[in-house]
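Accompanying notes for the structure given below.
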Amino acid sequence: MAESERRTGASEEVPPPVQQCFMVPKKEINVVSDMAKWKRSQAYADYMGFILTLNEGVRGKKLTCEYKVSEPIEKLVALLNTLDRWIDETPPVDQPSRFGNKAFRTWYAKLDQEAEKLVSAVIPKHLADAAPEVAVYLKESVGNSTRIDYGTGHEAAFAAFLCCLCKIGVLRVDDQMAIVFKVFNRYLEVMRKLQKTYRMEPAGSQGVWGLDDFQFLPFIWGSSQLIDHPSLEPRHFVDEKVVNENHKDFMFLECILFITEMKTGPFAEHSNQLWNISAVPSWSKVNQGLIRMYKAEGGFCSSQCLWSERHQLEQGEW
């Protein structure tokens, strides 16, 4: 569908908040024992509420359906396009090690230097003081420059980045579908390009017993998309023909396609958890189970890249 058909014009600018105080976040989740504190925090409630709100927002919808594309959404896509362009400008270097190409550190240094500027281009001028705080989550969302790895914790940081933008009113309730289908899906494309270009290692991977080496949220939101689908059932996602024919419409199937491109051997061996999920009778049960798994097993590894235990961003309608 042509992009122009999705656009309904720029969103109305949010009026300035009465008074907001921003600060650069500090890391609060360092050891496993910190998890109890995290799960009792308002930030955790905000974060999971955001994830579940988007889960409902995309239920039964295709990636190719019509949805509103506001000005902030377009600016976020432009930000991600910039990150993509920087990959092209920073080719891998020759090195003895096959994995963890050190050119990623050069790419990351560029983001580290430009992150606040990139965020400032997304948020309105009256919220300029929020840029240093929000930019931290953007920088945490692309992987670790020391280990040259990427995992669900970095993905969670990007979700927190988007959650912050919602809390300060940059993104609105009627941006829900575009947040997932336009922004988060573009983020996934850029992260996959990073992973392939710089041969990034999985961060905190559980190997064959984990859901996926790199992502979790697109499986949750992708299974929600497929709820009540008239013909596609969970058993179909291990069928190569079904995946090839439908991956452009469904985030879950796009993830499966990427896994099969990156891994060799029988699916049941390299992705045992997903293989087991294919036996679940309905997408609704798959979705519910993944949410429970995210809350339980997403735990420490997914939360380490979340820096502050507060989202003191009070204005948004979320």
**Asked** Which pairs pass ring-ring contact (aromatic ring centres under 6.0 Å, His included) with one or both residues in residues 80-99, sequence neighbours excluded?
**Response** none
**Message:** If you count every heavy atom of other residues, nucleotides or ligands that lies below 6.0 Å from K248 atom NZ, does the total exceed 12?
**Reply:** no
**Asked** salt bridge (charged side-chain N to carboxylate O under 4.0 Å, His left out): which pairs involve residues 219-234, sequence neighbours left out?
**Response** E233-R235
**Request:** Keeping to residues at least two apart or across chains, list the salt bridge (charged side-chain N to carboxylate O under 4.0 Å, His left out) pairs with something in residues 97-120.
**Result:** D112-K139
**Asked** Sequence neighbours excluded, which residues qualify as side-chain contact (heavy atoms from CB on, under 4.5 Å) partners of V238?
**Response** F267, W275, S278
Holding to ring pair (Phe, Tyr, Trp, His ring centres under 6.0 Å), I want the full list of residues that pass it with [X], two or more places apart in sequence or in another chain.
X: F219; result: F252
X: Y150; result: H154
X: F161; result: F158

**Message:** Please check: side-chain N/O of Q225 versus main-chain N/O of M251, any donor-acceptor pairing under 3.5 Å?
**Reply:** yes
**Request:** Kindly give the cluster partners of F258, where membership spreads through any ILVMFWY side chain lying under 4.5 Å from a current member.
**Result:** M262
**Item:** Counterpart residues, salt bridge (charged side-chain N to carboxylate O under 4.0 Å, His left out), relative to R192 (two or more places apart)
**Value:** none
**Asked** What residues form a salt bridge (charged side-chain N to carboxylate O under 4.0 Å, His left out) with R147, not counting sequence neighbours?
**Response** D149
**Prompt:** Partners of R85 by side chain to side chain donor-acceptor pair (under 3.5 Å), sequence neighbours excluded?
**Reply:** E89
**Message:** List the residues meeting side chain to side chain donor-acceptor pair (under 3.5 Å) with E189, not counting sequence neighbours, and say none if there are none.
**Reply:** R186
**Beyond-backbone contact of S141 with Y187, side-chain heavy atoms, under 4.5 angstrom** = yes
